[in-house]
Engineer: 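Below is a structure I'd like to ask you about.
Nothing here was measured: the structure is a model prediction, and the numbers come from that model.
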Amino acid sequence: MDNLDLGIKMSSLTHRNGWYVPAVDKVALDIILREVNDVELMLPYCKQYRTAIQAGGNVGIWPKRLSKTFKQVITAEPDPDNYAALRKNLEGIDNVASLWMAFGDEGKTASMDHIDPENVGAHQIKEGEDFTVVTIDSMGITDCDFLQLDIEGYEHLAIIGAAKTIHKSWPVICLELKGLGKRYGA
């Protein structure tokens, strides 16, 4: 697989359970395939189904599911290997915009910290220059009906960077919170 013009060396992808995933993954795929089913409990709370903003996109399981309900899905994934798998898994799905970046409280650059290399869902953001971090507010979305963030402790910073979007749209918000925010002061 090519490097999608990311300008970096990537690991190989493998096809498992109907999904392209980084070959090193031994953990994340099975967990995400279970967790994505929880969306069925959340969606009835949405008043409309215009735009869903989702991160981390990982290998594309959440954005692909959301694409079946929402007019538009915007997903962000900063890890280059996950992003390559995400792009492959979302081929032919026209209502998903995939971004190789992260959401945070300010515009900057960052890198990935591979906490558990065999779990491609456990990567965390650290200081660096490998990808861009933007605020959700900087995208100018005024019709967000669903905001789902599973970004390994960076959720509180992404929410700060989405304050105006949340105020304008009042979306249903789904956050994965498991104490990892301590790394970032929350």
Engineer: State yes or no: do Met112 and Val134 share one hydrophobic cluster built from I, L, V, M, F, W and Y residues joined by side-chain heavy-atom distances below 4.5 Å, directly or via other members?
Structural biologist: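 Same hydrophobic cluster.
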Engineer: Is there a path from Trp170 to Tyr49 through hydrophobic residues (I, L, V, M, F, W, Y) whose side chains come within less than 4.5 Å of each other?
Structural biologist: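 Different hydrophobic clusters.
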Engineer: Is it the case that the side chain of Asn89 and the backbone of Val59 share a donor-acceptor pair, with hydrogens and angles ignored and the cut-off at 3.5 Å?
Structural biologist: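 Yes: the side chain of Asn89 pairs with the backbone of Val59.
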Engineer: Same cluster for Met42 and Ile173 if Ile/Leu/Val/Met/Phe/Trp/Tyr side chains link at under 4.5 Å?
Structural biologist: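 Per the 4.5 Å side-chain linkage, Met42 and Ile173 are co-clustered.
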Engineer: Apply the hydrophobic cluster definition, ILVMFWY joined by side-chain contacts under 4.5 Å directly or through others, and give me every member besides Val120.
Structural biologist: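 The other cluster members (ILVMFWY side chains, heavy atoms under 4.5 Å, direct or chained) are Val24.
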Engineer: May I ask whether Ile53 and Ile166 are part of the same hydrophobic cluster, defined by side-chain heavy atoms of I, L, V, M, F, W, Y residues being less than 4.5 angstrom apart, directly or through others?
Structural biologist: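 Yes; Ile166 is reachable from Ile53 via cluster members.
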Engineer: Do you know which two heavy atoms are closest between Ile160 and Asp137, and how far apart they sit?
Structural biologist: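 Looking at all heavy atoms of both residues, the shortest contact is O-OD2, 4.4 Å.
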Engineer: Inspect the contact between Arg16 and Asp25 and indicate whether a charged nitrogen and a carboxylate oxygen are less than 4.0 angstrom apart.
Structural biologist: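 Yes, charged N to carboxylate O under 4.0 Å.
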Engineer: One thing to verify: whether Glu129 and Lys108 come together as a salt bridge, which I'm taking to mean a side-chain N less than 4.0 angstrom from a carboxylate O.
Structural biologist: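 No.
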Engineer: Kindly check if the number of other-residue, nucleotide or ligand heavy atoms within 6.0 Å of CG (Asp94) is above 12?
Structural biologist: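 No, the 6.0 Å shell around CG holds no more than 12 heavy atoms from other groups.
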Engineer: For the side chain of Gln48 and the backbone of Arg50, is there at least one donor-acceptor N/O pair under 3.5 Å apart?
Structural biologist: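 Side chain of Gln48 to backbone of Arg50: no pair is present.
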Engineer: Drop me the distance from Thr165's OG1 to Ile136's CD1, to the nearest 0.5 angstrom.
Structural biologist: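 Reported value, rounded in 0.5 Å steps: 6.5 Å.
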Engineer: So with a 6.0 Å cut-off around CD of Glu127, is the heavy-atom count from everything else above 12?
Structural biologist: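 It does not: Glu127 CD has 12 such atoms or fewer within range.
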Engineer: Distance-only, no hydrogens or angles: does the Asn95 side chain make a donor-acceptor pair with backbone N or O of Phe70 under 3.5 Å?
Structural biologist: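 Indeed, once roles are kept as given, a pair shorter than 3.5 Å links the two residues.
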Engineer: Would you please test Glu152 and Lys178 for salt bridge (charged side-chain N to carboxylate O under 4.0 Å, His left out) and show each step?
Structural biologist: CA-CA 8 Å; Glu152 303 305 299; Lys178 54 187 180 186; 3.5 Å; yes
Engineer: Any chain of hydrophobic side-chain contacts (each under 4.5 Å) joining Ile93 to Val21?
Structural biologist: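 Cluster IDs for Ile93 and Val21 match.
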Engineer: Look at the aromatic rings of His123 and His114 and report parallel, tilted or perpendicular, splitting at 30° and 60°.
Structural biologist: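 The rings of His123 and His114 stand perpendicular, inter-plane angle above 60°.
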Engineer: Short question: side chain of Trp62, backbone of Gly57 - any donor-acceptor pair under 3.5 Å?
Structural biologist: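 Looks like no, no N/O pair under 3.5 Å.
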Engineer: Could you check whether any side-chain N or O of Thr14 sits under 3.5 Å from a backbone N or O of Ala23, counting only pairs where one atom can act as donor and the other as acceptor?
Structural biologist: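 No: the side chain of Thr14 does not pair with the backbone of Ala23.
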Engineer: Would you mind listing the cluster partners of Ile31? Hydrophobic ones only (ILVMFWY), side-chain contacts under 4.5 Å, chaining allowed.
Structural biologist: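 Reading the cluster by chain and number, Ile31 sits alongside Val27.
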Engineer: Just do the side-chain contact (heavy atoms from CB on, under 4.5 Å) check on Asn17 and Asp30 with the steps written out, would you?
Structural biologist: CA-CA 9 Å; Asn17 292 341; Asp30 295 331; 3.5 Å; yes
Engineer: Keeping Tyr83 on the side-chain end and Ser98 on the backbone end, is there a donor-acceptor pair under 3.5 Å?
Structural biologist: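 Yes, the answer is positive, given that a donor and an acceptor are paired below the 3.5 Å cut-off.
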Engineer: Quick one: does NZ or CZ of Lys64 land under 6.0 Å from the six-membered ring centre of Trp19, within 45 degrees of the ring axis?
Structural biologist: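 Flagged: Lys64 positioned over aromatic ring of Trp19.
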Engineer: Atom CG of Leu149 and atom CD of Gln54: how far apart are they, to the nearest 0.5 Å?
Structural biologist: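 So the gap between those two atoms works out to 8.0 Å.
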Engineer: At their closest point, which heavy atom of Asn119 faces which heavy atom of Ala28, and how far apart are they?
Structural biologist: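 Smallest interatomic distance, heavy atoms only, reads OD1-CB, 3.3 Å.
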Engineer: Is a side-chain N or O of Gln72 found less than 3.5 angstrom from the main chain of Ile74, in a donor-acceptor match?
Structural biologist: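 No; zero donor-acceptor contacts below 3.5 Å.
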Engineer: Evaluate Thr109 against Val133 for side-chain contact (heavy atoms from CB on, under 4.5 Å), listing each step before the verdict.
Structural biologist: CA-CA 6 Å; Thr109 60; Val133 178; over 6 Å; no
Engineer: Indicate the ring-plane relationship of Tyr184 and His156, choosing parallel, tilted or perpendicular according to the 30° and 60° boundaries.
Structural biologist: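 If you compare the ring of Tyr184 with that of His156, the planes turn out tilted.
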Engineer: Do you see a donor-acceptor pair shorter than 3.5 Å between the side chains of Gln124 and Arg183?
Structural biologist: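 Note: Gln124 and Arg183 side chains meet the donor-acceptor criterion.
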Engineer: Mind jotting down which residue pairs meet the salt bridge (Lys or Arg N to Asp or Glu O under 4.0 Å) criterion with at least one end in residues 153-166? Sequence neighbours excluded, please.
Structural biologist: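 Not a single pair qualifies under salt bridge (Lys or Arg N to Asp or Glu O under 4.0 Å).
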Engineer: Is the backbone of Asn58 close enough, under 3.5 Å, to the side chain of Glu77 for a donor and an acceptor to pair up by distance?
Structural biologist: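 Present.
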Engineer: What residue among Thr51, Ile141, Ile159, Leu175 forms side chain to side chain contact (heavy atoms under 4.5 Å, CB included) with Leu147?
Structural biologist: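 Looking at Thr51, Ile141, Ile159, Leu175, the match for Leu147 under the side chain to side chain contact (heavy atoms under 4.5 Å, CB included) is Ile159.
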Engineer: Walk me through it: do Leu66 and Phe146 pass the test side-chain contact (heavy atoms from CB on, under 4.5 Å)?
Structural biologist: CA-CA 9 Å; Leu66 294 172; Phe146 188 70; 3.8 Å; yes
Engineer: Return yes when atom NZ of Lys71 has more than 12 non-hydrogen atoms of other residues, nucleotides or ligands closer than 6.0 Å, and no otherwise.
Structural biologist: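 Result for NZ/Lys71: open.
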